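Notes follow once the structure below has been shown.
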Amino acid sequence: MTTAWLIPLFFTLAGLVFGYDEAELLFAGDAMQHVAQRDAARRADGRYDFSQCFEAVTPMVRDADYAVVNLETPVGCPPYAGYPCFSAPASYADALKAAGFDLFLTANNHTLDRGPKGLRATVATLDERGIAHVGTYSDDSARRAALPLIVDVKGIKIAFLNYTYGTNGINPRDGVVVDYIDRDIIAADVEAARSERPDIIAVCMHWGDEYHLLPNTAQKHTADFLEALGVDLIIGGHPHVIQPMELRPNRYYPDKKVFLVYSLGNFISNMKKPDTRGGAVARVRLQRGQDGRVRILDADYGLVFTEAGTSPEHNFRVMPLEDSRDARAYDFARRARNIFDAHNVAVPEATAEAAVAATE
């Protein structure tokens with residue numbers, strides 16, 4: 001006699017008694033560290049203090065059950081510098097962790113700016129602080145041990161992968177490993193992750209054309225490839241400006257949804273172009289249903305804007321858009337909303353009223 005009918009009954013009873021597993025994920029864009037940011041964070045005793053940079057967005061980040069950010073600079077490998085070859089103090093990672101970020105993405109075009117020494121210093125710095133990371137590894141054995149990276153978020157198992165289009169012409173050497181966008185490798189990684197039976201697979205991509213507000217053909221084709229693999233969350237960065245988001249049925253698996261973000265833009269930077277001064281923070285809500293499967297309930301976004309600083313006491317600050325007093329924030333927001341309003345699919349901007357309703 002089959003017992004298959006017991007499975008939905010179990011989850012129905014569990015839902016009534018305990019409530020269904022539900023989790024909210026947050027994804028932020030590129031965390032840059034330019035020269036002006038480094039100089040503003042320097043104290044008289046030579047230490048670097050970035051703590052003020054993220055104070056205004058800390059409640060938003062910590063409110064999520066799991067928060068992800070793209071760390072677009074090596075850390076812990078002096079001398080410290082900005083563009084074109086970045087290197088930030090370890091305290092930069094400390095400040096991001098203190099803000100509430102749980103996972104750092106490290107596969108991006110600046111990950112080899114300080115060569116294998118910088119990559120290994122970054123990995124060691126994050127490991128010493130107990131910060132989860134994915135995308136770069138000190139050697140092949142470290143990659144094998146790290147992947148698949150599966151995180152339990154309030155009872156929901158999520159697999160995370162991270163890939164970059166390139167590393168600015170600097171090739172890995174001395175055994176270090178960077179996860180590049182290679183379809184064979186990605187397919188194998190997704191399959192390996194699926195063998196661990198996660199509820200959700202999230203693939204974070206460093207791709208696209210810088211300063212373009214719409215995705216290019218390669219991004220679209222790669223997103224289609226990931227969708228065909230059954231990836232649930234496709235989260236992009238690198239263009240340093242926002243690009244559209246979509247939440248829709250997966251065209252290859254009709255019983256699944258896919259949440260696609262082409263670019264979240266900059267989370268923090270000292271870039272000067274109007275579209276680069278801010279970015280989007282994407283939120284996605286997951287829930288386990290009566291059949292035991294986890295599905296994407298909904299998604300939305302909020303806008304953030306970086307206000308420039310000059311000292312640790314008046315540092316660079318990432319602000320929720322509605323809290324910024326910088327006149328340039330409204331020009332950034334107008335252009336970003338024009339793109340999202342014209343091209344987003346079922347991903348609205350979060351409102352204060354919606355945030356309150358979600359907590360009731």
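When reading the values below, keep in mind they use all heavy atoms of this one structure, side chains included, and skip hydrogens, waters and symmetry mates. Each residue takes its place number in the sequence, starting with 1. Quick caveat, the model's predicted, so the values are computed rather than measured.
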Do the side chain of D102 and the main chain of A132 share a donor and acceptor less than 3.5 angstrom apart? no
Would the distance check show the side chain of N250 and the main-chain N or O of G230 forming a donor-acceptor pair, the cut-off being under 3.5 Å? no
Please check if the distance between the ring centroids of Y66 and F160 is under 6.0 Å. yes
Can you hop from M319 to L264 via hydrophobic side chains spaced under 4.5 Å? no
Any luck finding a side-chain donor-acceptor pair between Y301 and N344 under 3.5 Å? no
Could you walk me through whether D45 and R47 pass the salt bridge (charged side-chain N to carboxylate O under 4.0 Å, His left out) test, one step at a time? CA-CA 6 Å; D45 61 3; R47 293 182 300 114; 2.7 Å; yes
Verify the cluster assignment for V178 and L149: are they in a single hydrophobic cluster under the rule of side-chain heavy atoms below 4.5 Å apart? no
Can you find a heavy atom in the side chain of F86 that is under 4.5 Å from one in the side chain of M32? yes
How close do F259 and A299 get, counting heavy atoms only, and between which atoms? CE1-CB, 3.6 Å
Nearest non-hydrogen partners of A187 and F225, listed with the distance: CB-CZ, 4.3 Å
Apply side-chain contact (heavy atoms from CB on, under 4.5 Å) to residues E210 and K273 and explain how you reach the verdict. CA-CA 12 Å; E210 291 186 344; K273 295 182 179 181; over 6 Å; no
E313 and R43: salt bridge (charged side-chain N to carboxylate O under 4.0 Å, His left out), yes or no, with the steps? CA-CA 9 Å; E313 293 74 24; R43 290 190 172 274; 3.4 Å; yes
With salt bridge (charged side-chain N to carboxylate O under 4.0 Å, His left out) as the test, would you mind laying out the steps for D199 and K157 before giving the verdict? CA-CA 5 Å; D199 296 300; K157 292 172 61 179; over 6 Å; no
Linking I/L/V/M/F/W/Y whenever any side-chain heavy atoms sit under 4.5 Å apart, do V318 and M271 land together? no
Can D224 and R251 be counted as an ion pair, charged N to O under 4.0 angstrom? yes
Sorted by first residue and then second, give each side chain to side chain donor-acceptor pair (under 3.5 Å) pair with at least one member in residues 169-184; sequence neighbours left out. Y137-D179, R143-D179, T167-Y180
Donor-acceptor pair, side chain of R285 and main chain of D298, under 3.5 angstrom: no
In terms of heavy-atom contacts, I150 and A193 come closest through CD1-O, 4.2 Å
Enter the distance from N109:CG to T164:OG1 here, rounded to the nearest 0.5 Å. 5.5 Å
Contact summary for F340 and A280, nearest pair of heavy atoms: CZ-CB, 4.2 Å
Indicate whether any N or O donor in one side chain lies under 3.5 Å from an N or O acceptor in the other, for Y262 and N216. no
Is N266 close to T306 at the side-chain level, that is, under 4.5 Å between some pair of heavy atoms? no
Any donor and acceptor pair, going by atom type alone, linking the side chain of S195 with main-chain N or O of A192 inside 3.5 Å? yes
Report yes if some heavy atom in the side chain of V75 is under 4.5 Å from a heavy atom in the side chain of Q33; otherwise report no. no
So, S141 and D139: side-chain donor and acceptor under 3.5 Å apart, yes or no? yes
In terms of heavy-atom contacts, N162 and G135 come closest through OD1-CA, 3.7 Å
Pick one: which of D30, V241, N270, I242 meets side-chain contact (heavy atoms from CB on, under 4.5 Å) with T276? V241
Backbone of D323 reached by a side-chain donor or acceptor of R325 within 3.5 Å: yes
Do L247 and I296 come close enough that some side-chain heavy atom pair is under 4.5 Å? yes
Apply side-chain contact (heavy atoms from CB on, under 4.5 Å) to the pair K256 and R293, showing each step before the final yes or no. CA-CA 10 Å; K256 292 167 63 75; R293 292 186 54 194; 3.7 Å; yes
Would you say T111's side chain and A107's backbone share a donor-acceptor pair under 3.5 angstrom? no
Test side chain to side chain donor-acceptor pair (under 3.5 Å) applied to S51 and D49, step by step: CA-CA 6 Å; S51 58; D49 182 1; 2.6 Å; yes
Roughly how far, to the nearest 0.5 Å, is OG of S91 from CZ of R42? 11.5 Å
So for atom CZ, which belongs to R335, do other residues, nucleotides or ligands contribute more than 12 heavy atoms lying within a distance under 6.0 Å? no
Is the backbone of I170 close enough, under 3.5 Å, to the side chain of N168 for a donor and an acceptor to pair up by distance? no
Look at the side chain of R114 and the backbone N and O of S87, then say whether any donor-acceptor pair between them is shorter than 3.5 Å. no
Going from CG on L96 to CD1 on I268, what distance comes out if it is rounded to the nearest 0.5 angstrom? 8.0 Å
How many angstroms lie between NE2 in H238 and NE2 in H110, if you round to the nearest 0.5 Å? 8.0 Å
Side chains of L161 and I186: closer than 4.5 Å at any heavy-atom pair? no
If Ile, Leu, Val, Met, Phe, Trp and Tyr residues are connected whenever their side-chain heavy atoms lie under 4.5 Å apart, and connections chain through other members, are I181 and V176 in the same group? no
Working to the nearest 0.5 Å, report the span between CD of E24 and CD1 of I156. 11.5 Å
Does the side chain of P198 come within less than 4.5 Å of I158's, by heavy atoms? no
Please answer whether the main-chain N or O of G309 pairs with a side-chain N or O of N315 as donor and acceptor at a distance below 3.5 Å. no
Set out, in order, the CA-CA distance, both residues' side-chain angles and the distance that settles side-chain contact (heavy atoms from CB on, under 4.5 Å) for V123 and T136, then state yes or no. CA-CA 8 Å; V123 168; T136 58; 4.2 Å; yes
When you measure from the side chain of Q243 to the backbone of L213, do you find a donor-acceptor pair of N or O atoms at a distance under 3.5 Å? no
Quick test of your reading of the model: are E22 and K154 salt-bridged, counting only N-O distances below 4.0 Å? no
Does the plane of the ring in F50 sit parallel, tilted or perpendicular to the ring in Y92? Use 30° and 60° as the thresholds. perpendicular
Within the 4.5 Å heavy-atom criterion, are V57 and F267 side-chain neighbours or not? yes
Mind checking the CG-CZ spacing from N70 to F101? Nearest 0.5 Å is all I need. 10.5 Å
Hey, are H133 and D127 close enough side-chain-wise for a donor-acceptor pair under 3.5 Å? yes
Would a hydrophobic clustering, with Ile, Leu, Val, Met, Phe, Trp and Tyr connected at side-chain separations under 4.5 Å, put I234 with Y163? yes
Begin with the C-alpha distance, continue with both residues' side-chain angles, and end with the deciding distance and a verdict on side-chain contact (heavy atoms from CB on, under 4.5 Å) for D140 and V177. CA-CA 7 Å; D140 283 323; V177 179; 3.3 Å; yes
How about V261 and V347: do any of their side-chain heavy atoms sit closer than 4.5 Å? no
Write down the atom of K97, the atom of F104, and the distance for their closest heavy-atom approach. N-CZ, 4.0 Å
